[in-house]
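What follows is a short report on a single structure.
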Amino acid sequence: MALFGALFLALLAGAHAEFPGCKIRVTSKALELVKQEGLRFLEQELETITIPDLRGKEGHFYYNISEVKVTELQLTSSELDFQPQQELMLQITNASLGLRFRRQLLYWFFYDGGYINASAEGVSIRTGLELSRDPAGRMKVSNVSCQASVSRMHAAFGGTFKKVYDFLSTFITSGMRFLLNQQICPVLYHAGTVLLNSLLDTVPVRSSVDELVGIDYSLMKDPVASTSNLDMDFRGAFFPLTERNWSLPNRAVEPQLQEEERMVYVAFSEFFFDSAMESYFRAGALQLLLVGDKSPAVIDSPLKLELRVLAPPRCTIKPSGTTISVTASVTIALVPPDQPEVQLSSMTMDARLSAKMALRGKALRTQLDLRRFRIYSNHSALESLALIPLQAPLKTMLQIGVMPMLNERTWRGVQIPLPEGINFVHEVVTNHAGFLTIGADLHFAKGLREVIEKNRPADVRASTAPTPSTAAV
């Protein structure tokens, strides 16, 4: 009985589980591009390393090494991979740092000083980014692991006390290597938990689409990594701005992502589009009043068309295509010049629109086309027959007057959850039963540095960096 009870509870929990309306998969194909952009950013961050002054005494010699600055960074070998436990792991080996510092030496009454170029070689860095969902549903870098080491340093000492410096160089460079080791991981921790999170803050979570509706892109759970991809489940639900707590139940099938050939894949279920249309319906946007030109072949006065959608339209996605079903009331009246209007009929219209989706930049756009419709009377079959002469002018009015206005709005599109500065290119749309997928490649329209500097928070490095014990000396 206990087994059956547990099975029943599992089925009950599954019945109430909400499926995502939008999924995004980043594949290993994207990692090389992300690594190139990330390394440029990392080089600039490591060049901000500040190393404390190194001063001390050996016998009668007093030395002071100060104003240490990183002048260049050369990353000869690096790998960026997905890892199931850590999400993203970056490993850098055999890198080198160029340094410049000021030397000061006092021996009895003799003083020597100047600037020296040095190099840190055999630099190895292994750092992992752990991604998670925060309470607001936003993706965050929740933890940064780091191991860093510098295997050797070389400094070209010269000047009056060159032989003395040669004697002390091993001691001085060992001290500098220790201090440099201590500084690498705090810089990477700050870059991950502060700067990269400022980039992730540019991903929309709950935002306005226009003056009527908004969209909820909150993560439903923590991102899930495998060795070949990173999957993210978003709620993907629209809502009227006047009813921010309203939510359409998701009864659509769960979108599936199986492909891994492109850099990124996005999947949208029928629920995604249904919630958009129901939100606009609840906002009172699905009604229209048009006055057309006269049609001499049928009638000699202009027609007035009042169209009001009776129920939220519904989306159907099949491998053969995507259609939108609409039921609306149509009131048609003649508007003779300088005379009272004459109502011709009140009828019901069932229309079916084809919808073609496209991804441009980071906006999902839709192109609608009126495929077929039928009109019928709400009163009698005889009146329905009488409406047949109106079908041609009505279709013309819909094609010329209504569809361009709809497409002007739907082609503006809605942003998908991507950080600022990153766009999709070379997209391919594929329809499935109940959902569609879009495979694409990534393009950095802006560099990480540019976006992060624009959204950079106050520098809180001192309060966020862990103790230097995370560095492997």
Exercise. Under the salt bridge (charged side-chain N to carboxylate O under 4.0 Å, His left out) criterion, do Glu306 and Arg308 qualify, and how do the steps go?
Worked result: CA-CA 7 Å; Glu306 184 178 358; Arg308 186 184 301 270; 3.5 Å; yes
Exercise. How about Cys22 and Arg235: do any of their side-chain heavy atoms sit closer than 4.5 Å?
Worked result: no
Exercise. Crowded around Arg372 CZ? As in, over 12 foreign heavy atoms under 6.0 Å?
Worked result: no
Exercise. CG of Leu46 to CD1 of Ile125: how many Å apart, nearest 0.5 Å?
Worked result: 5.0 Å
Exercise. Where is the tightest heavy-atom contact between Glu270 and Cys315, given as atom of each residue plus distance?
Worked result: CD-O, 3.7 Å
Exercise. Would you say Arg409 has more than 12 foreign heavy atoms packed within less than 6.0 Å of its CZ?
Worked result: yes
Problem set entry | Min side-chain heavy-atom separation Leu353-Met403 under 4.5 Å | yes
Exercise. Between Asn431 and Ser320, is a side chain to side chain donor-acceptor pair (under 3.5 Å) present by the stated rule, with each step listed?
Worked result: CA-CA 7 Å; Asn431 279 40; Ser320 58; over 6 Å; no
Exercise. Are the side chain of Glu427 and the backbone of Phe424 linked by a donor-acceptor contact shorter than 3.5 Å?
Worked result: no
For this session: Take Asp369 and Lys356 through the test salt bridge (charged side-chain N to carboxylate O under 4.0 Å, His left out) and record every step on the way to the result.
Result: CA-CA 9 Å; Asp369 186 24; Lys356 292 184 178 180; over 6 Å; no
Exercise. Are the charged groups of Lys23 and Glu254 less than 4.0 angstrom apart, N to O?
Worked result: yes
Problem set entry | Beyond-backbone contact of Leu436 with Met357, side-chain heavy atoms, under 4.5 angstrom | yes
Exercise. Which atom names give the shortest non-hydrogen contact between Gly236 and Ser275, and what distance separates them?
Worked result: O-OG, 4.2 Å
For this session: Give the minimum heavy-atom separation between Leu200 and Val141, together with the two atoms involved.
Result: CD1-N, 4.0 Å
Exercise. From Gln74 CD over to Asn94 CG, what is the distance, rounded to the nearest 0.5 angstrom?
Worked result: 10.5 Å
Exercise. Would you say the side chains of Tyr280 and Asp210 form a donor-acceptor pair under 3.5 Å?
Worked result: yes
Exercise. Would a distance-only check, ignoring hydrogens and angles, find a side-chain to backbone donor-acceptor pair under 3.5 Å from Lys362 to Ile422?
Worked result: yes
Problem set entry | side-chain contact (heavy atoms from CB on, under 4.5 Å) assessment of Leu398 paired with Leu307 | CA-CA 10 Å; Leu398 290 173; Leu307 189 149; 3.9 Å; yes
Problem set entry | Rounded distance [0.5 Å steps], OG1 in Thr202 versus NZ in Lys446 | 9.5 Å
For this session: For Thr437 and Ala267, work out which heavy atoms get closest and say how close.
Result: CG2-CB, 3.9 Å
Exercise. Is any NZ, NE, NH1 or NH2 atom of the basic residue among Glu67 and Lys69 found under 4.0 Å from an Asp or Glu carboxylate oxygen of the other?
Worked result: no
For this session: Apply salt bridge (charged side-chain N to carboxylate O under 4.0 Å, His left out) to the pair Arg262 and Asp441, showing each step before the final yes or no.
Result: CA-CA 6 Å; Arg262 306 296 292 273; Asp441 293 328; 3.5 Å; yes
For this session: Calculate, to the nearest 0.5 Å, the distance between atoms CG and CG belonging to Leu97 and Leu73 respectively.
Result: 5.0 Å
Exercise. Within the side chain of Asp233, is there an N or O that forms a donor-acceptor pair under 3.5 Å with the backbone of Pro20?
Worked result: no
Problem set entry | Audit row: Ser354, Arg371, side chain to side chain donor-acceptor pair (under 3.5 Å) steps and yes/no | CA-CA 6 Å; Ser354 67; Arg371 286 300 182 188; 3.3 Å; yes
Exercise. Is the shortest distance from a Lys or Arg side-chain nitrogen in Glu45 or Arg449 to a carboxylate oxygen in the other one below 4.0 Å?
Worked result: yes
Problem set entry | Leu80 to Leu31 - nearest heavy-atom pair and separation | O-CD1, 3.4 Å
Exercise. Taking side chain as C-beta onward, heavy atoms only, is Tyr217 less than 4.5 Å from Val205?
Worked result: no
Exercise. Counting distance only, does the side-chain N/O of Ser279 pair as donor-acceptor with the main-chain N or O of Phe239 below 3.5 Å?
Worked result: yes
Exercise. Are the side chain of Ser96 and the backbone N or O of Glu121 linked by a donor-acceptor pair below 3.5 Å?
Worked result: no
Exercise. With no hydrogens and no angle check, is any side-chain donor or acceptor of Ser218 less than 3.5 Å from a backbone partner on Gly137?
Worked result: no
Problem set entry | Pairing of Glu278 and Arg314 as salt bridge, 4.0 angstrom limit | yes
For this session: Could you tell me whether the side chain of Pro255 reaches within less than 4.5 Å of the side chain of Ser269, counting heavy atoms only?
Result: yes
For this session: Could you pull out the closest heavy-atom pair between Pro204 and Ile416, with the gap in Å?
Result: CG-O, 4.3 Å
Exercise. Between atom CD of Glu32 and atom CE of Met263, what is the distance when rounded to the nearest 0.5 Å?
Worked result: 9.0 Å
Exercise. For the atom pair CG (Leu88) and CG (Leu129), what is the distance rounded to the nearest 0.5 Å?
Worked result: 5.5 Å
For this session: Please determine, by modelled atom types, if Thr366 and Thr410 share a side-chain donor-acceptor pair under 3.5 angstrom.
Result: no
Exercise. Is there side-chain contact between Thr227 and Phe82, with at least one heavy-atom pair below 4.5 Å?
Worked result: no
For this session: Compute whether any side-chain donor of one residue and acceptor of the other, for Lys140 and Asn197, lie under 3.5 angstrom apart.
Result: no
Exercise. Within a radius of less than 6.0 Å around CZ of Arg412, do more than 12 heavy atoms belonging to other residues, nucleotides or ligands occur?
Worked result: yes
Problem set entry | Salt-bridge present (Glu261, Lys29; N to O < 4.0 Å) | no
Exercise. Side chain of Asn250, backbone of Phe19: donor and acceptor closer than 3.5 Å?
Worked result: yes
Exercise. Does the gap between the ring centers of Phe435 and Phe271 come in under 6.0 Å?
Worked result: no
Problem set entry | Heavy-atom side-chain proximity of Leu212 to Pro240 below 4.5 angstrom | no
For this session: Examine the side chains of Thr27 and Asn229 and answer whether a donor and an acceptor come within less than 3.5 Å of each other.
Result: no
For this session: Mind running side-chain contact (heavy atoms from CB on, under 4.5 Å) on Thr322 and Thr316 for me, showing each step along the way?
Result: CA-CA 6 Å; Thr322 302; Thr316 302; over 6 Å; no
Problem set entry | Heavy-atom donor-acceptor pair, Glu420 side chain to Leu199 backbone, under 3.5 Å | no
Exercise. Just by modelled atom types, is the Gly98 backbone N or O under 3.5 Å from a matching donor or acceptor in the Thr71 side chain?
Worked result: yes
For this session: Before giving the answer on side chain to side chain donor-acceptor pair (under 3.5 Å), spell out for Gln147 and Arg126 the whole-Å C-alpha distance, their side-chain angles and the decisive distance to 0.1 Å.
Result: CA-CA 5 Å; Gln147 290 181 317; Arg126 181 179 173 86; 4.8 Å; no
Problem set entry | side chain to side chain contact (heavy atoms under 4.5 Å, CB included) partner of Met232, chosen from Met139, Met220, Arg25, Arg133 | Met139
Exercise. Does the side chain to side chain donor-acceptor pair (under 3.5 Å) test come out yes or no for Ser198 and Asp201, once each step is laid out?
Worked result: CA-CA 5 Å; Ser198 71; Asp201 284 343; over 6 Å; no
Exercise. Any Lys/Arg nitrogen of Glu43 or Arg40 sitting under 4.0 Å from an Asp/Glu carboxylate oxygen of the other?
Worked result: no
Exercise. Any donor and acceptor pair, going by atom type alone, linking the side chain of Ser208 with main-chain N or O of Gly214 inside 3.5 Å?
Worked result: no
Exercise. Is there a side-chain contact between Arg282 and Trp246, using heavy atoms and a 4.5 Å cut-off?
Worked result: yes
